[in-house]
Number of protein chains: 2
Amino acid sequence: MVKRTSHHEADCFIARPLDAIGDWWSLLIVRDAFDGLRRFGEFQKSLGVAKNILSARLRNLVAHGILETVPAPDGSAHHEYVLTQKGRGLFYVLVALRQWGETYFSGPGEPYTFMVDTESGRPIRRLEVHAEDGRLLVPGDTRLADFRNRENS
Amino acid sequence: MVKRTSHHEADCFIARPLDAIGDWWSLLIVRDAFDGLRRFGEFQKSLGVAKNILSARLRNLVAHGILETVPAPDGSAHHEYVLTQKGRGLFYVLVALRQWGETYFSGPGEPYTFMVDTESGRPIRRLEVHAEDGRLLVPGDTRLADFRNRENS
DNA sequence: CAAAAATGGTTTCAAATTGAAACCTCTTGC
DNA sequence: GCAAGAGGTTTCAATTTGAAACCATTTTTG
């Protein structure tokens with residue numbers, strides 16, 4: 001039985017999130033959800049994804065608590081998909097991915113979109129990683145520490 | 001001809017990065033590369049991935065300029081895979097993903113690893129999104145603005 | 001030095017996933 | 001009443017995945 005590999009049980013806080021999200025379509029669904037899309041048909045039109053795939057991905061996102069279904073506000077029999085708090089937590093992942101994309105994937109003369117602060121309409125700052133005391137950290141300034149057996153010392 | 005969907009040409013700075021990365025395995029390879037792994041065998045042992053898959057993913061990451069091959073420093077005939085500057089730019093994506101994972105995927109009593117500042121050994125701060133003027137922004141405070149036809153007004 | 005083992009892959013092939021299209025089941029609108 | 005739309009599910013061929021076998025070079029060991 002050759003099953004697709006799952007990182008569900010991986011003892012890694014990168015692998016498990018990736019496993020929960022599922023695949024690239026799912027992250028694009030989350031992106032669209034941040035843009036205010038809520039209905040099956042809206043996602044389908046925006047993404048151009050096959051309906052069976054969209055259906056499976058929405059189900060997975062709901063199962064992992066990233067989206068939840070709510071009754072349609074217009075009283076129709078259908079429901080809508082909205083981000084949970086956990087799902088909104090993916091905001092930083094999307095911002096990071098987008099800033100990386102802006103930096104390395106914008107061809108000259110191409111359409112260009114910025115993420116801007118709604119209030120001022122000005123582009124947001126680049127993400128930065130800071131130490132507890134505020135120092136700016138760059139890749140290589142961090143490591144992983146295991147707090148598994150931390151005593152209350 | 002039913003081909004796998006590519007977001008290569010998508011006019012979206014989230015879709016294109018996702019397309020370049022390839023799949024979840026690739027991001028775990030990048031994670032390992034940040035942890036200092038460089039050799040085919042090291043990645044294979046760390047990830048437990050099939051060699052053919054690893055081979056294809058490394059090739060893809062190199063093709064997209066995220067990794068590059070360099071001659072092995074011990075003078076052996078083999079080469080090593082190291083992050084390019086573009087690859088190191090994924091640091092923020094990994095930090096975002098990890099913080100999300102720490103928040104929502106840590107079971108009680110489970111092994112727990114923090115990302116810490118190497119210098120102090122203390123956990124790093126959470127990522128924050130800031131407006132140009134420094135205001136802290138939360139999900140919903142941003143939108144996308146199209147600078148395609150920006151006149152020099 | 002010869003044999004064995006490790007490194008870094010490629011090839012093969014069955015099983016799983018993907019995606020396009022057809023189909024189904026309500027609700028609405030007219 | 002009846003056609004259209006929303007929101008899916010089913011079907012099925014093509015593609016991708018992953019385990020294992022294989023192969024060509026080094027490197028180590030006896």
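From a predicted model like this one, the values you see are computed outputs, not experimental measurements. The basis for the numbers below is simple: all heavy atoms, side chains too, and nothing from hydrogens, waters or symmetry mates. Below, read A as the first sequence line, B as the second, and so on, with proteins coming before strands; counting in each chain starts at 1.
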Original post:
Between the main-chain N or O of F40(B) and the side-chain N or O of Q44(B), is there a donor-acceptor pair closer than 3.5 Å?
Top reply: no

Subject >> Among L94(B), V93(B), V30(B), D32(B), side chain to side chain contact (heavy atoms under 4.5 Å, CB included) partner for I14(A) >> reply: L94(B)

Original post:
Do F105(A) and W100(A) have ring centroids that are under 6.0 Å from one another?
Top reply: yes

Subject >> Contact residues, residues 37-47 of chain A to DNA chain D [heavy atom, < 4.0 Å] >> reply: R39(A), F40(A), G41(A)

Original post:
Rounded to the nearest 0.5 Å, what separation is found between the OH atom of Y81(A) and the CD1 atom of I29(A)?
Top reply: 9.5 Å

Subject >> Protein-nucleotide distance (I53(A), atom CD1; dG8(D), atom P), rounded to Å >> reply: 15 Å

Subject >> Between CZ on residue R122(A) and CZ on residue R135(B), distance to nearest 0.5 Å >> reply: 12.0 Å

Original post:
Does the side chain of Y81(A) get closer than 4.0 angstrom to OP1 or OP2 of dG8(D) through an N or O atom?
Top reply: yes

**OP:** Please state how far atom CD1 in I29(B) lies from atom P in dG9(C), giving the value in whole angstrom units.
**Re:** 12 Å

**OP:** Round to a whole Å and report the spacing from CG of L58(A) to C1' of dT9(D).
**Re:** 14 Å

**OP:** Return the value, rounded to whole Å, for the distance between atom CG of D23(A) and atom C1' of dT18(C).
**Re:** 10 Å

Original post:
Considering only side-chain heavy atoms of H78(B), which listed nucleotide, dG18(D), dA21(C), dT7(C), is closest?
Top reply: dT7(C)

Original post:
Rounded to the nearest Å, what distance is computed from the CG atom of residue N52(A) to the C1' atom of nucleotide dT17(C)?
Top reply: 11 Å

Original post:
Does dT17(D) have OP1 or OP2 sitting under 4.0 Å from an N or O in the side chain of W25(B)?
Top reply: no

Subject >> Short side-chain donor-acceptor distance under 3.5 Å, N52(B) and S55(B) >> reply: no

**OP:** Let me know the distance between CG of L54(A) and P of dA6(D), rounded to the nearest Å.
**Re:** 14 Å

Original post:
If you check the K51(B) side chain, which of dG8(C), dA20(C), dG7(D) turns out closest?
Top reply: dG8(C)

Subject >> OP1 or OP2 of dT9(D) under 4.0 Å from side-chain N/O of S55(A) >> reply: yes

Original post:
Are Y112(B) and F13(A) near enough that their ring centres are under 6.0 Å apart?
Top reply: yes

Original post:
Quick one: is H79(A) getting a side-chain N or O under 4.0 Å of the dC26(C) phosphate, OP1 or OP2?
Top reply: no

Original post:
Does the side chain of R59(A) get closer than 4.0 angstrom to OP1 or OP2 of dG7(D) through an N or O atom?
Top reply: no

Original post:
Using a cut-off of less than 4.0 Å, is there contact between a side-chain N or O of R57(A) and OP1 or OP2 of dT18(C)?
Top reply: yes

